[in-house]
Amino acid sequence: MDQRTMVSTLAGAAGKEVTLYGWVDVVRDQKAVQFIVLRDESGKVQLVNDRDASAGIAETIAGLTLDSTVRAIGTVELNDRVKLGGLEVRLASLEVLSSAAPALPLNAESALDTRLDWRFVDLRRPENRLIFEIQTAVEQSFRRTWQADGFLELHSPKLMAGASESGAELFRVDYFDTSAYLAQSPQFYKQMAMAAGFGRVFEIGPVFRANPSFTSRHDTEFTSVDVEISWVESHEDVMAFEERLVANMLADVSGVFGERIRETFGTEVRVPTVPFPRISLADALQAIRARGYEVRREAGDLDPEGERQLAAYIQETAGHEFVFVTDYPVSVRPFYHMRQAGNPELTKSFDLLWKGLEITTGAQREHRPEQLVSQVREKGIPEEGLAYYLDFFRYGCPPHGGFGLGLTRVLMILLGMANVREVTFLYRGPNRLFP
RNA sequence: GGUCCUGUGGUGCAGCUUGGAGUGCACGUCGGCCUGUCAAGCCGAAGGUCGCGGGUUCAAAUCCCGUCAGGACCGCCA
């Protein structure tokens with residue numbers, strides 16, 4: 001291992017002997033000369049062996065199966081004839097570390113569901129590795145912004161005694177002689193951190209939703225990016241932070257990966273201008289209606305087609321991929337969203353849509369205990385289970401707000417993928433718990 | 001949960017409308033050939049309960065009913 005050379009560094013190693021570790025990508029076994037394409041985490045390179053030069057290696061190559069793992073030792077030779085990087089490695093030894101069973105159960109054309117069955121093989125493909133290199137860069141960029149702004153990182157518990165949101169359904173698990181629930185959001189604990197005086201916090205972690213949602217943009221477990229900020233004047237402060245966080249991220253990702261994303265996924269990464277456009281829900285519904293589409297939802301929220309229509313409207317009028325939708329009515333928001341002082345039917349909340357898909361819900365939270373209790377009662381939520389939560393606000397709590405951002409949705413839009421399953425390491429949905 | 005769509009060698013498809021021998025294509029696998037390939041090429045071979053059950057028919061991958069599995073959209077949401 002100490003001597004391992006990565007394929008990506010071979011151009012600078014002409015004439016040297018190198019030790020490579022990787023997978024057998026292709027075998028072209030001819031009468032006089034044999035070629036292997038070896039794939040490692042950094043790229044692919046051609047290995048070459050003259051049968052006359054080494055009968056032992058020749059025999060090993062003849063028995064190779066695709067995706068077997070090997071250790072190859074050889075000399076780097078620059079050779080313009082070789083289309084793959086203009087170089088090859090002339091083998092001095094070849095050792096099979098693990099022989100793959102013949103006939104891989106999938107190939108690049110396989111259906112997504114088949115690929116998910118054999119995800120560990122599917123993920124070997126370089127374009128799939130790239131997705132997770134980009135995911136890593138996205139999270140690093142977020143952390144860069146948080147660190148510069150003095151945020152603390154939170155690791156909140158995923159086992160809870162009850163619900164932390166009103167709408168979404170919960171997974172119940174055995175917990176000794178009682179039951180516990182998997183956290184559908186770190187919402188309450190983020191707010192506890194505000195009461196604890198942490199000031200500004202973030203968490204990147206799993207959340208669980210027991211909704212039987214059969215769509216390309218839902219999973220039952222996904223990674224949520226959560227932020228909470230103290231001492232805000234309104235949800236505007238939260239939106240101002242989020243747009244900066246997202247714009248920084250897209251600038252970082254675009255700089256490092258923009259070209260590869262275009263080449264690999266055919267998607268252009270555009271760095272958005274700040275501030276993002278804002279539109280009230282009422283104005284959004286009117287603009288959508290003016291385009292000839294009537295949102296059918298009785299509750300008054302946008303439906304998926306409405307979101308797409310709004311995205312088109314914003315693109316045409318503001319030339320922007322993002323839009324904050326604000327001023328949601330109390331009826332479609334959870335009890336903890338703060339209401340507008342002059343208009344108690346509306347909340348100080350927002351959604352963020354990117355290319356017509358909801359990626360965030362955020363709000364200023366209600367931090368005044370009397371008001372909060374009254375909103376709990378108004379929503380008809382039993383207070384017993386919320387006692388510990390309501391206590392957070394009884395001994396001095398700063399005004400605060402925050403948001404949750406769906407990491408998988410962000411990656412899906414960023415790369416122009418059609419399905420969150422493509423950008424999830426291991427997808428979990430109503431019909432999938434394996435592998 | 002609702003609507004619609006799809007199940008055919010290891011993988012991806014075509015065949016179904018208008019029933020006629022498991023027919024075809026691409027990738028992969030196995031064997032052979034091949035003086036540097038690079039999407040290698042050429043020749044050959046193996047590999048199938050056409051998701052499952054029932055029905056119609058002389059005859060069903062094909063038509064009908066049921067069932068199971070998966071997917072897309074809607075609802076719910078990040």
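Proteins get letters first, then strands, A, B, ... in listed order; numbering begins at 1 in each.
- The list of salt bridge (charged side-chain N to carboxylate O under 4.0 Å, His left out) pairs with a residue in residues 345-355 of chain A, not counting sequence neighbours, reads A:Arg333-A:Asp351.
- Take A:Phe393 and apply the ring-ring contact (aromatic ring centres under 6.0 Å, His included) test, not counting sequence neighbours, and it matches A:Tyr389.
- Contact check of residues 354-364 of chain A against RNA chain B (heavy atom, cut-off under 4.0 Å) returns A:Glu358, A:Ile359, A:Thr360, A:Thr361.
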Could you list the donor-acceptor pairs under 3.5 angstrom formed between side-chain atoms of residues 404-414 of chain A and any protein atom two or more places apart in sequence or on another chain?
{"unit_1": "A:Arg409", "atom_1": "NE", "unit_2": "A:Arg217", "atom_2": "O", "d": "3.1"}
{"unit_1": "A:Arg409", "atom_1": "NH1", "unit_2": "A:Glu358", "atom_2": "O", "d": "2.8"}
{"unit_1": "A:Arg409", "atom_1": "NH2", "unit_2": "A:Arg217", "atom_2": "O", "d": "3.2"}
{"unit_1": "A:Arg409", "atom_1": "NH2", "unit_2": "A:His218", "atom_2": "NE2", "d": "3.4"}

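- Regarding contacts with the backbone of B:C77, every side-chain N or O of A:Arg333 stays at 4.0 angstrom or more from both OP1 and OP2.
- Looking at heavy-atom distances under 4.0 Å, A:Asn419 makes contact with sugar-phosphate atoms alone, never a base.
- Applying the ring-ring contact (aromatic ring centres under 6.0 Å, His included) criterion to A:Phe403, with sequence neighbours excluded, gives no partner residue.
- Taking atom P on both B:U67 and B:C58, the two are 28 Å apart, rounded to the nearest angstrom.
- Listed by chain and residue number, A:His320, A:Phe322, A:Phe324 satisfy the ring-ring contact (aromatic ring centres under 6.0 Å, His included) test with A:Phe276 (two or more places apart in sequence, or in another chain).
- Across the C1' atoms, B:G9 and B:G47 are found 5 Å apart, a figure rounded to whole Å.
- Among the protein residues, A:Arg90 comes within range of the nucleic acid bases, having at least one heavy atom under 4.0 Å from a base atom.
- A:Leu104 comes within 4.0 angstrom of sugar-phosphate atoms only, judged by non-hydrogen atoms across all strands, and of no base.
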